[in-house]
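Worksheet for the structure shown next.
Read the numbers this way: they start at 1 and go in the same order the structure lists the ligands and their atoms. We're numbering straight along the sequence, starting at 1.
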Amino acid sequence: MRRCQSWDIFCTVIDNYGDAGVSWRLARQLAQEYGHTVRLWVDRLPVLARLVPEVDATRATQQVAAVEVCHWRSPFPDVLPHEGVIEAFGCTLPETFLAAMARRCPPPLWINLEYLSAEAWVPSHHLLASPHPRLPLTKYFFFPGFGAHTGGLLRERDLTRRRAAFQTDSAAQAAFWQRWGVGPARPGERRISLFAYENGAVAELLHGLAHASRPVTCLIPEGRLLPQVAAALELSLAPGQAVQRGALRVHVLPFLPQDEYDQLLWACDFNFVRGEDSFVRAQWAARPFVWHIYPQQDGAHWRKLETFRAVYVSGLPPEAANALSALWQAWNRQRGVQEAWQACETHWENLAAHAVAWEKHLAGQPDLAHLLVQFCEQTL
Ligand code: TRH
């Protein structure tokens, strides 16, 4: 059996952080856990550098965490393709590199890593082959997913162990909060992280939290939502700043390194997440969450949201399922959030227990890197 032990991973940053975030996680996992040679090509290095501060955005090539990080520029350098080539999210490979792939003997295994969806069509599309119209190359579509016959989810081998250790280690949690300048929790306090696109319901959410029956600290990493938060609180906000309104304390964090952001999700009791990567990481955090899905012009995101929501809440008692569903819908519709949040409060224990059970269910399935490596071994 031939093995695929070296990779070129290509990532164009369309907008936001998800493309780079997912590509980086996969690259690092293949390099560190499998000992493979990995070259990651990213067109906008400053975006990757925000997630991974060890990356120097001014360097054309560099070695970071066992990954060779390369700035994807034009003209593309004359390099010999590795055994496996991954284009993340359908990015277009440089013509000269494609030609080099076609000349390589044997040709590389070519994978298009697709976006994640829980929709029913995913298993029938996963691993479909598409021959190149001119060159002797075949591209395979690799769809991440939540169940059998999908490409699974990115999950490092020791993730569950590390997360569980952190969540049972109050000293590690205290050190985390201290590192980011957040004081100890008040008695009975809940901590909520808030990462979202612009959302017209944020004022309503904060107002509701300010009038909550128990203290709440809302941790907001710097980003697109911050101007709306500042407007809702009628002040200007910068990382490091904290303000109090009734029961609510808002603490603005800098944009965290990706590994620290994972810990923020682990440390909070509830997480608002968005896009694709933070959405998955919130599930690995084993804490209840709300997903602000990436909105598409044609509204196609609604079906994607609703499909996952239905799958996720199906293990909850009906009233808790309805409450969480209503919150997800309200947050994405951007109205009715306050009432929906209050309804969720009354099902808190159920929601928390369900998040733990859901993580366990997912962790019992093979992860994306494993399935990818397995597919390559079977195909080559
Ligand atoms: O940034 P996003 O909105 O990315 C999106 C999605 O990937 C979407 O599917 C895609 O179409 C679009 O980009 C182009 O949300 P996402 O996917 O959660 O990625 C955010 C990344 O940023 C994730 O890796 C976590 C990381 N992050 C940090 O490292 N530090 C932080 O402080 C925060 C808030 C996030």
_Holding to side chain to side chain contact (heavy atoms under 4.5 Å, CB included), I want the full list of residues that pass it with Phe76, two or more places apart in sequence or in another chain._
Phe10, Trp41, Trp72, Val79, Pro94, Thr96, Phe97

*Determine, using ring centers only, whether Tyr312 and Trp291 are less than 6.0 Å apart.*
no

*Using the ring of Phe255 (Phe, Tyr or Trp, six-membered ring only), decide whether Arg50 places NZ or CZ under 6.0 Å from its centre and within 45 degrees of its axis.*
yes

_Distance-only donor-acceptor check, side chains Asp43 and Thr12, under 3.5 Å_ = no

*asked:* Ring-plane angle category for Trp358 and His354, please: parallel below 30°, perpendicular beyond 60°, tilted otherwise.
replied: tilted

*Taking the six-membered ring for Trp and the single ring otherwise, decide whether the centroids of Tyr261 and Tyr17 are under 6.0 Å apart.*
no

Enumerate, one pair per line, all nitrogen or oxygen atoms of ligand 1 lying under 3.5 Å from a protein nitrogen or oxygen, stating the separation to 0.1 Å; write 'none' if no such pair exists.
| from | atom 1 | to | atom 2 | distance (Å) |
| --- | --- | --- | --- | --- |
| ligand 1 | 1 (O) | Tyr17 | N | 2.9 |
| ligand 1 | 1 (O) | Gly18 | N | 3.4 |
| ligand 1 | 1 (O) | Arg274 | NH2 | 3.0 |
| ligand 1 | 3 (O) | Tyr197 | OH | 2.5 |
| ligand 1 | 3 (O) | Arg274 | NE | 2.8 |
| ligand 1 | 3 (O) | Arg274 | NH2 | 3.4 |
| ligand 1 | 4 (O) | Gly18 | N | 2.9 |
| ligand 1 | 17 (O) | Glu276 | N | 2.8 |
| ligand 1 | 17 (O) | Asp277 | N | 2.8 |
| ligand 1 | 18 (O) | Arg274 | O | 3.1 |
| ligand 1 | 18 (O) | Ser278 | N | 2.8 |
| ligand 1 | 18 (O) | Ser278 | OG | 2.6 |
| ligand 1 | 19 (O) | Gly18 | N | 3.4 |
| ligand 1 | 24 (O) | Gln258 | NE2 | 2.9 |
| ligand 1 | 24 (O) | Asp277 | OD2 | 2.5 |
| ligand 1 | 29 (O) | Leu256 | O | 3.2 |
| ligand 1 | 29 (O) | Gln258 | N | 3.4 |
| ligand 1 | 30 (N) | Leu256 | O | 2.6 |
| ligand 1 | 32 (O) | Leu256 | N | 2.8 |

